[in-house]
There are 2 protein chains.
Amino acid sequence: MKDNFLNYNNYVSVDCVVLGYNEVENKLQVLLIKQKGPAPNTAELFKPQYAIPGDLIKEEESLDEAAARILEDLVNVKGLFLEQFYTFGHPDRVKDPKDADWLSTRRKDPLARVITVAYLALVRIDQINPSAGYFAEQTTWRSIKKIPKLAFDHNTIVSKALDIIRAHPEQHLVGRELLPNKFTLSQLQNLYEVIQNKELDKRNFRKSIKNNEYLITLDEKQKGVLHKPAQYYAFKKLKK
Amino acid sequence: MKDNFLNYNNYVSVDCVVLGYNEVENKLQVLLIKQKGPAPNTAELFKPQYAIPGDLIKEEESLDEAAARILEDLVNVKGLFLEQFYTFGHPDRVKDPKDADWLSTRRKDPLARVITVAYLALVRIDQINPSAGYFAEQTTWRSIKKIPKLAFDHNTIVSKALDIIRAHPEQHLVGRELLPNKFTLSQLQNLYEVIQNKELDKRNFRKSIKNNEYLITLDEKQKGVLHKPAQYYAFKKLKK
DNA sequence: ATACTTATTGTATTTTGTACAATAAGTGAT
DNA sequence: ATCACTTATTGTACAAAATACAATAAGTAT
């Protein structure tokens, strides 16, 4: 529970759509939290909902910093790819009765309108260790194909994030964020296939990807696999 | 001057980058306002700045509605193409001393941090009639190549708008908004050239543009011109 | 040596982008 | 009627990129 409301701007929040890639199952999932109820003695009246991680911004932080802070608090990982993608500001977006209980325990002014700036983050599921923070009972990964009903307008926010990453996968440096430091071209192809939700031809995929200026061939192959070992590749470091 | 502050959310604003196309001179311009000073007897102390039109949002309106209202108040035109493109929220974005005077006369809490959601609008300059509203002394069009120093972080906002329209002119339905209902391919080409700031080959431009599913050939040609009359074209109506 | 599994590669075709200049259809002057 | 003038319109050759499609290679296990 927050100690006080003083450091927070009560009218603007940041919500983060964290997309996680499970390489083994080749699945894209979204990180959800389950809301934590109010004080224990009234807990039986509270119906927790799933939501994406988000919080009011603090007065002294920028939006980008707020997004990073929220992810760090919840996901316990720094340095993630993080990008603002849209701001949601319908006057009634926090006025649904289903959300009133939660707001009443978390907000200085539970009826206040809140505009939320939405961010997109990409992570490898095996790389992070989500742990429930003060605003969550638990965290969970859910397939982007089976997203439950979420608090507030979070279903809308997640949908918009998926639209955006599908429209511009390269721009979003998907491979860099969602694959290990060294990877095979088959791994890269699997990732592109799950994001675009369609199969790609191996030969054509390799032809096009090898024009990518950020891809470098390593001096290393797979070992111990029951088939021809694949070449490892990596991404060049980005200049800051 | 605003009658009261009650209907306004004092922490979130909408700013509009209005890009105007002057077909005769083939120039892109941005619509600026000159800030109006405070009460007349103190006016000599006030240094008005140029700014893009923007205002605090009202509590009962959505962000899209706020953008439309602001444009309507200032530009006196409805139904413009209007698109949210980024939200600016640096904690100090309204804390520059140069902006303190203006804020002190316009805001309930002049020191409050304001997050602004930025919108992009495209208009034909000859189609609208900007008139100074309560928040402006005058309005003016300025070439995108010579933008003066603006209030707050408005230079940054305008730059980002230009980046976006240049990256995706088709997506932004540039032609539809910036040309008359019927137009020639030369007019369309001139527009694309001024947006991209480079010359295009006539034959290749026509080849590529004729794949555009929204372009239809009309049964009408130019009349009375001192040269071969050009075919008129139009855009298909968009489905809502 | 063989079976098994995934990695790797080439070729023909189509589509798209690019560079480049001659002809067409009006008007106004003679 | 002819000519000068201005902008509109169009084609061709070439390069680059996207697409469809299947055989061979390099390991491991038996």
Side-chain angles (χ1 to χ4, degrees), chain A residues 22-26 166-171 174-175 179-235, chain B residues 22-26 166-171 174-175 179-235:
Chain A
N22 178 333
E23 202 188 312
V24 179
E25 301 182 45
N26 202 32
R166 283 178 175 142
H168 305 289
E170 6 32 84
Q171 279 183 31
V174 158
L179 290 176
N181 287 336
K182 61 183 185 185
F183 53 86
T184 69
L185 294 184
S186 294
Q187 286 177 293
L188 186 59
Q189 180 171 353
N190 284 337
L191 173 59
Y192 271 74
E193 286 179 340
V194 74
I195 289 172
Q196 293 176 32
N197 199 27
K198 68 175 179 183
E199 296 198 347
L200 303 171
D201 179 84
K202 284 186 184 187
R203 285 158 293 193
N204 296 338
F205 176 78
R206 280 156 192 253
K207 249 182 291 186
S208 64
I209 208 69
K210 284 191 174 176
N211 293 330
N212 188 312
E213 56 175 329
Y214 293 110
L215 196 63
I216 52 182
T217 308
L218 298 179
D219 254 349
E220 194 182 348
K221 285 182 181 179
Q222 279 181 326
K223 284 180 186 167
V225 289
L226 297 183
H227 52 80
K228 176 173 176 178
Q231 183 68 238
Y232 279 122
Y233 293 80
F235 286 107
Chain B
N22 177 332
E23 202 188 314
V24 178
E25 301 182 44
N26 202 33
R166 283 180 174 139
H168 305 290
E170 356 48 69
Q171 279 182 32
V174 158
L179 290 175
N181 287 336
K182 60 183 185 186
F183 54 86
T184 69
L185 294 185
S186 295
Q187 287 177 293
L188 186 59
Q189 181 172 351
N190 284 338
L191 173 59
Y192 271 74
E193 286 179 340
V194 73
I195 289 173
Q196 292 176 34
N197 198 28
K198 67 175 179 183
E199 296 198 347
L200 303 172
D201 180 84
K202 284 185 183 186
R203 285 160 291 192
N204 296 338
F205 176 78
R206 281 157 190 253
K207 248 183 291 185
S208 64
I209 207 67
K210 284 190 173 174
N211 292 330
N212 188 311
E213 57 175 327
Y214 293 111
L215 196 64
I216 53 181
T217 309
L218 298 179
D219 254 348
E220 193 181 350
K221 287 181 181 181
Q222 278 181 325
K223 284 180 185 165
V225 288
L226 298 183
H227 53 79
K228 175 172 175 177
Q231 183 68 238
Y232 279 123
Y233 292 80
F235 285 106

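Letters go in sequence order (proteins before strands), and every chain restarts at 1.
Listed by chain and number, the residues in a side-chain contact (heavy atoms from CB on, under 4.5 Å) with A:Lys198 are A:Gln196, A:Leu200 (sequence neighbours excluded). Residues satisfying the side chain to side chain donor-acceptor pair (under 3.5 Å) test with A:Asn26, not counting sequence neighbours, are A:Tyr21. Listed by chain and number, the residues in a side chain to side chain donor-acceptor pair (under 3.5 Å) with B:Glu193 are B:Gln189 (sequence neighbours excluded). For the side-chain contact (heavy atoms from CB on, under 4.5 Å) test, residues two or more places apart in sequence or in another chain that qualify with B:Lys221 are B:Pro229, B:Gln231. With sequence neighbours left out, A:Arg203 forms a salt bridge (Lys or Arg N to Asp or Glu O under 4.0 Å) with A:Asp201. In terms of the ring-ring contact (aromatic ring centres under 6.0 Å, His included) criterion, residue partners of B:Phe183 (sequence neighbours excluded) are, by chain and number, B:Phe235. With sequence neighbours left out, the side-chain contact (heavy atoms from CB on, under 4.5 Å) criterion links B:Ser208 to no other residue. Every residue two or more places apart in sequence or in another chain that forms a side-chain contact (heavy atoms from CB on, under 4.5 Å) with B:Glu220 is listed here: B:Lys182, B:Tyr232.
Between the P atom of D:dT10 and the CD1 atom of B:Ile209 lies a distance of 15 Å, rounded to the nearest Å. Between B:Asp201 atom CG and C:dA21 atom C1' there is a gap of 10 Å when expressed in whole angstrom units. What separates CG of A:Asn190 from P of C:dT6 is a distance of 11 Å, to the nearest Å. Atom OH of B:Tyr232 is separated from atom P of D:dA8 by 11 Å (rounded to the nearest Å). D:dT7 atom P lies 17 Å from atom CZ of B:Arg203, rounded to whole Å. In this structure, A:Phe205 atom CZ and D:dC21 atom C1' are separated by 18 Å, rounded to whole Å. If you take NZ of A:Lys210 and C1' of D:dA17, they are 17 Å apart, rounded to a whole angstrom.
Sorted pairs that involve residues 222-233 of chain B and meet salt bridge (Lys or Arg N to Asp or Glu O under 4.0 Å), not counting sequence neighbours, are lacking altogether.
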Pairs: protein N or O with nucleotides 11-17 of chain C N or O, under 3.5 Å:
unit_1	atom_1	unit_2	atom_2	d
C:dT11	O4	A:Lys207	NZ	2.7

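For B:Arg206, a side-chain nitrogen or oxygen approaches OP1 or OP2 of D:dT9 to under 4.0 Å. Between A:Lys202 and D:dA22 there is no side-chain polar atom (N or O) within less than 4.0 angstrom of OP1 or OP2.
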* Would you give a per-nucleotide map of nucleotides 24-30 of chain D, 5' to 3', where B means the base has a protein non-hydrogen atom under 4.0 Å away, S means only the sugar-phosphate does, and - means neither? => -BBBSS-

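Among the protein residues, B:Gln231 comes within range of the sugar-phosphate backbone only, with heavy atoms under 4.0 Å from sugar or phosphate atoms but none that close to a base.
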* **Step-by-step side-chain contact (heavy atoms from CB on, under 4.5 Å) determination, A:Lys210 to A:Leu185** => CA-CA 10 Å; A:Lys210 284 191 174 176; A:Leu185 294 184; 3.9 Å; yes

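Between A:Glu23 and A:Pro180, some side-chain heavy-atom pair lies under the 4.5 Å cut-off.
If you check residues 180-188 of chain A against DNA chain C, the residues with a heavy atom closer than 4.0 Å are A:Ser186, listed by number.
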